[in-house]
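Here's the structure we're looking at; comments come further down.
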Protein chains: 2
Amino acid sequence: MPQPQPESIEFDHPCPIRDVLDRIGDQWSVLILLTLQPGTKRFNALMREIGDISKQMLSRTLKHLEQDGFITRTVYPEVPPRVEYRLTELGHSFLEPMQALVTWADAHHRTIAEARRRYRGGE
Amino acid sequence: MPQPQPESIEFDHPCPIRDVLDRIGDQWSVLILLTLQPGTKRFNALMREIGDISKQMLSRTLKHLEQDGFITRTVYPEVPPRVEYRLTELGHSFLEPMQALVTWADAHHRTIAEARRRYRGGE
DNA sequence: CCGCTTGGGTCTATTTAGTAGACCAGGTCT
DNA sequence: AGACCTGGTCTACTAAATAGACCCAAGCGG
């Protein structure tokens, strides 16, 4: 029994932003939540839509998101198995302020791209 | 000459959110920006305030943030050297929608902590 | 004059996190 | 019987992050 992943689940920091960012601020969480925004999706559908995530990371991140109450996981006892992921109220409420950020990104990505080019050029 | 870090700087995805998230969605960027919000800070001051970041990651992340136009880096040619980092207009404008998220985190971190406990308990 | 201190990093070795891809269950279709 | 389906897990490999030694050049104490 290798028991490889202790999956440390601690609220170490006194600062809540740190905690939430630690979870949400990884490479995939926000992307998964955004992908689930339109509605319920299955595991492989998420894989396809996101594209460049590994199964393990998708699985792990979904587990974290479920654990933190952002999504629910429903297993239908069929063969082949069917598992559906869907946003909870908390998940939806999170995406509200997140939308503001997405809008910002949309509005400013040109500026950023330009800054990046300038930096490269003027190096 | 090892030349170890190609520092790939590409705008691969057609989707701007992906791009912006890839950069500011790492462990440290947002934290650094938030730390710089009150005003100009020096390298070691950032180290101390953030606490658990390594020099290398701080250096690298600051470079990325400068590159993308979120902050400016000013070197005063003194000895010992003094280097100051400060938010640009873009940096400040980013923190506006970000603030909404911080507020959300503040409001919901209890709910999340509770969900996490429930998950652990009911496992 | 020697050696210590100071700030802002870089370099290297080690630990950790993420990826790719093989594998599994078990019922259906051919 | 054998191939195929989904939603994962396991293992071996690779990429990324960390810790900590090291560097530079001026100033300062003795």
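Keep in mind that what you see is a predicted model, and the values were worked out from it rather than measured. In what follows, every heavy atom counts, from backbone to side chain, and hydrogens, waters and symmetry copies are set aside. Lettering follows sequence order; numbering is per chain, from 1.
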Provide, to the nearest angstrom, the distance between the [atom1] atom belonging to [X] and the [atom2] atom belonging to [N].
X	N	atom1	atom2	value
A:Lys63	D:dT9	NZ	P	4 Å
A:Ile53	C:dA20	CD1	P	11 Å
B:Arg82	D:dA25	CZ	C1'	17 Å
A:Gln56	C:dA17	CD	P	12 Å
A:Glu78	C:dT28	CD	P	11 Å
B:Lys55	D:dA21	NZ	C1'	10 Å
A:Tyr76	D:dC5	OH	P	23 Å
B:Asp26	D:dT18	CG	C1'	15 Å

Contact nearer the 5' end of DNA chain C, comparing A:Ser54 with B:Val75:
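Nearest-nucleotide comparison on DNA chain C picks B:Val75.
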
If you pin A:Trp28 and A:Pro80 to their nearest nucleotides in DNA chain C, which one's is more 5'?
A:Trp28

Could you pull out the closest heavy-atom pair between A:Leu58 and A:Met47, with the gap in Å?
CD2-CG, 3.4 Å

Could you tell me if B:Asp106 and B:Thr103 have a donor-acceptor pair between their side chains, going purely by distance under 3.5 Å?
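Absent: no donor and acceptor within the cut-off.
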
Please confirm whether the backbone N or O of [Y] pairs with a side-chain atom of [X], one donor and one acceptor, at under 3.5 Å?
X	Y	result
B:Thr61	B:Ile32	no
B:Asp68	B:Phe70	no
A:Ser29	A:Arg23	yes
A:Trp28	A:Met57	no

C:dG8 OP1/OP2 closer than 4.0 Å to side-chain N/O of B:Ser59
no

Any stems for DNA chain D, made of 3 or more Watson-Crick or G-U pairs in a row, each with both distances under 3.5 Å?
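Stem list for DNA chain D: C:1-30 with D:1-30.
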
I want to check something: taking the side chain as every heavy atom from C-beta on, are B:Glu96 and B:Gln99 in contact at a cut-off of under 4.5 Å?
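In short, these two side chains do not touch, never coming nearer than 4.5 Å.
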
Indicate yes or no: at least one non-hydrogen side-chain atom of A:Ile50 is less than 4.5 angstrom from one of A:Asp52.
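Result yes, sub-4.5 Å side-chain heavy-atom pair found.
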
So what does B:Tyr85 touch, heavy atoms closer than 4.0 Å: a base, only the sugar-phosphate, or nothing?
sugar-phosphate

Can you list, by residue number, the residues of residues 31-49 of chain A that have a non-hydrogen atom closer than 4.0 angstrom to DNA chain D?
A:Arg42, A:Phe43, A:Asn44

Name every donor-acceptor pair, under 3.5 Å, that has one atom in a side chain of residues 74-81 of chain B and the other anywhere in the protein, sequence neighbours excluded.
unit_1, atom_1, unit_2, atom_2, d
B:Tyr76, OH, B:Glu84, OE1, 3.2
B:Glu78, OE1, B:Arg82, NE, 3.3
B:Glu78, OE2, B:Arg82, NH2, 3.0

Starting the side chain at C-beta, find the nucleotide from D:dG7, D:dG8, C:dT19 nearest to A:Pro81.
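So the side chain of A:Pro81 is nearest to D:dG7.
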
